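First up is the structure itself, then whatever we jot down about it.
Residue numbering restarts at 1 for every chain, and letters A, B, ... go by the order of the sequence lines. Note that the structure is a prediction, hence the values are computed from the model and not measured.
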Amino acid sequence: MYREILDALIEQHGPQRWWPAEDPFEIMVGAVLVQRTAWRNAALAIRALKEAGVLRPDRLDDLRREALAALIRPAGFFRLKARRLQSMARFVVAAGGLRALSAQPTAGLRAALLTIRGVGPETADAILGYAFERPVFVVDAYARRLSARLAHPAPGPSDADLKAGCERELVSARDLNELHALIVRHGQVYCRAMAACDGCALRPRCGYHPERVPAERQLS
DNA sequence: CACCAGGGTGGTT
DNA sequence: AACCACCATGGT
């Protein structure tokens with residue numbers, strides 16, 4: 001099921017090789033900055049952090065919160081995210097760095113990440129998958145929409161079931177990361193650009209925003 | 001002008 | 001457990 005979706009999406013869009021970042025901590029920062037935000041805007045904030053030379057746990061922790069907020073302004077929710085980034089930076093410092101963290105088993109590391117203010121299930125999984133290369137599937141808005149559409153007209157699986165299903169079938173971090181990246185890519189291409197699924201690799205059982213698909217093209 | 005983007009939190013019903 | 005308001009910028 002998910003393997004076939006992965007293959008179809010690779011065929012259509014090619015390998016994605018996410019996450020675009022130079023190092024694991026940049027991925028962690030990006031995962032917070034992109035929350036409910038277009039990646040373009042998160043990228044502007046990351047660039048500002050790099051230019052200021054503060055894209056490191058210790059430097060981020062030392063910055064004054066107003067100064068950090070000003071730097072990440074383009075990402076939106078900047079005061080909120082400044083606080084979240086500092087709680088994350090402090091967490092990393094307190095844990096003894098990324099090397100120490102990466103020694104933990106996945107389940108424990110996930111639980112630890114979830115104790116950070118502003119890191120929920122999705123952000124934790126993005127960090128686990130892309131920064132720590134653990135075999136987890138990131139259930140985000142795009143994955144949820146696709147899953148709901150595939151199950152239509154039945155109600156889609158819960159987030160937990162979707163995540164578990166993907167992780168059972170696609171065992172490797174590489175495949176799970178690639179599936180998530182491709183679902184996002186696919187969603188960005190077809191979500192608004194097309195009213196329905198013309199040219200879609202998953203035709204006829206795909207579509208985003210089912211409520212926007214004309215009734216005569218809805219799945220029965 | 002309205003609507004949306006790779007969520008999470010705290011409070012209310 | 002299921003809602004809700006809130007957080008805020010930049011693009012279409």
Side-chain angles (χ1 to χ4, degrees), chain A residues 5-6 9 13 15-21 24 26-49 65-91 110-132 134 136-149 155-163 166 173 176-195 206-213:
Chain A
I5 293 172
L6 175 60
L9 289 173
H13 301 287
Q16 300 298 300
R17 303 194 212 55
W18 259 15
W19 183 296
E26 183 179 336
I27 294 174
M28 296 180 73
V29 169
V32 168
L33 290 175
V34 78
Q35 288 171 354
R36 196 61 185 177
T37 299
W39 174 253
R40 173 189 303 276
N41 291 349
L44 290 174
I46 290 177
R47 191 190 316 162
L49 292 175
R65 207 169 69 238
E66 301 81 26
L68 176 55
L71 286 172
I72 65 172
R73 188 184 179 104
F77 305 133
F78 53 87
R79 282 182 284 270
L80 179 63
K81 286 175 178 175
R83 181 181 289 280
R84 291 181 177 183
L85 287 181
Q86 290 196 314
S87 73
M88 195 170 73
R90 177 142 337 178
F91 167 86
R110 187 173 199 273
L113 289 170
L114 287 174
T115 66
I116 303 171
R117 279 311 194 76
V119 174
E122 220 168 301
T123 305
D125 284 333
I127 291 170
L128 285 172
Y130 293 103
F132 292 96
R134 304 302 173 88
V136 300
F137 180 71
V138 181
V139 178
D140 65 359
Y142 288 109
R144 228 170 262 128
R145 265 176 292 200
L146 176 58
S147 172
R149 182 60 177 167
S158 66
D159 287 4
D161 285 344
L162 174 58
K163 176 173 155 65
C166 288
L176 287 163
N177 284 347
E178 197 64 8
L179 177 60
H180 171 246
L182 280 160
I183 287 173
V184 173
R185 176 85 173 117
H186 188 74
Q188 289 172 342
V189 170
Y190 288 100
C191 185
R192 278 189 298 289
M194 311 177 101
C206 166
Y208 288 85
H209 295 301
E211 70 280 4
R212 292 187 185 176
V213 178

Tell me, do A/R110 and A/P121 make a side-chain contact under 4.5 Å, heavy atoms counted?
-> yes
How far does the P atom of B/dG10 sit from the matching atom of C/dA8, given to the nearest Å?
-> 15 Å
To the nearest Å, how far apart are A/Q188 CD and C/dT12 P?
-> 13 Å
A/L85 has an atom CG; how far is it from atom P of C/dA8, in whole Å?
-> 13 Å
Any side-chain heavy-atom pair of A/F132 and A/I127 under 4.5 Å = yes
Atom-to-atom span, NZ of A/K81 to C1' of C/dT9 - whole angstrom = 9 Å
Spacing between A/I72 atom CD1 and C/dG10 atom P, to the nearest angstrom | 12 Å
With P as the reference atom in both, quote the distance from C/dC4 to B/dC4 in angstrom, rounded to an integer.
-> 16 Å
Want to know the stems of DNA chain B: at least 3 consecutive Watson-Crick or G-U pairs with distances under 3.5 Å, which are they?
-> B:2-5 with C:9-12, B:7-13 with C:1-7
Validation: residues 36-48 of chain A side-chain donor-acceptor distances under 3.5 Å, sequence neighbours left out:
{"from": "A/T37", "atom 1": "OG1", "to": "A/Q35", "atom 2": "O", "distance (Å)": "2.8"}
{"from": "A/T37", "atom 1": "OG1", "to": "A/A75", "atom 2": "O", "distance (Å)": "3.2"}
{"from": "A/T37", "atom 1": "OG1", "to": "A/K81", "atom 2": "NZ", "distance (Å)": "2.8"}

If you look at every strand shown and take non-hydrogen atoms under 4.0 Å, does A/D140 touch a base, only sugar-phosphate, or nothing?
-> sugar-phosphate
To the nearest angstrom, how far is A/I116 atom CD1 from B/dG7 atom P?
-> 18 Å
Who are the salt bridge (Lys or Arg N to Asp or Glu O under 4.0 Å) partners of A/D159, not counting sequence neighbours?
-> A/R144
side-chain hydrogen bond (donor to acceptor under 3.5 Å, both in side chains) with A/S87: which residues, sequence neighbours excluded?
-> none
Counterpart residues, side-chain contact (heavy atoms from CB on, under 4.5 Å), relative to A/Q16 (two or more places apart) = A/H13, A/E178, A/A181, A/L182, A/R185
Contacts of type side-chain hydrogen bond (donor to acceptor under 3.5 Å, both in side chains), residue A/N177, not counting sequence neighbours = none
Please list, chain by chain and in numerical order, all residues satisfying side-chain hydrogen bond (donor to acceptor under 3.5 Å, both in side chains) with A/Q86, sequence neighbours excluded.
-> none
Let me know the distance between CG of A/N41 and P of B/dC4, rounded to the nearest Å.
-> 16 Å
Going by heavy atoms closer than 4.0 Å, what residues in residues 118-131 of chain A are next to DNA chain C?
-> none
Which atom pairs link the protein and nucleotides 5-7 of chain C when you take only N or O atoms and keep those under 3.5 Å?
none

Any side-chain heavy atom of A/L49 sitting closer than 4.5 Å to one from A/E26?
-> no
Excluding sequence neighbours, so at least two apart, what forms salt bridge (Lys or Arg N to Asp or Glu O under 4.0 Å) with A/R73?
-> none
Quote, to the nearest angstrom, the C1' distance that separates B/dA5 from C/dC3.
-> 22 Å
Phosphate contact (B/dA5 OP1 or OP2) by A/R145 side-chain N/O below 4.0 Å | yes
Could you give the CG-to-P distance, from A/L113 to B/dG8, as a whole number of Å?
-> 12 Å
Kindly say if A/R73 contacts the phosphate of C/dT9, meaning a side-chain N or O under 4.0 Å from OP1 or OP2.
-> yes
Between A/L44 (CG) and C/dT9 (C1'), how many Å, whole number?
-> 10 Å
Taken in chain and number order and not counting sequence neighbours, the residues that satisfy side-chain contact (heavy atoms from CB on, under 4.5 Å) with A/L80 are A/F77, A/R84
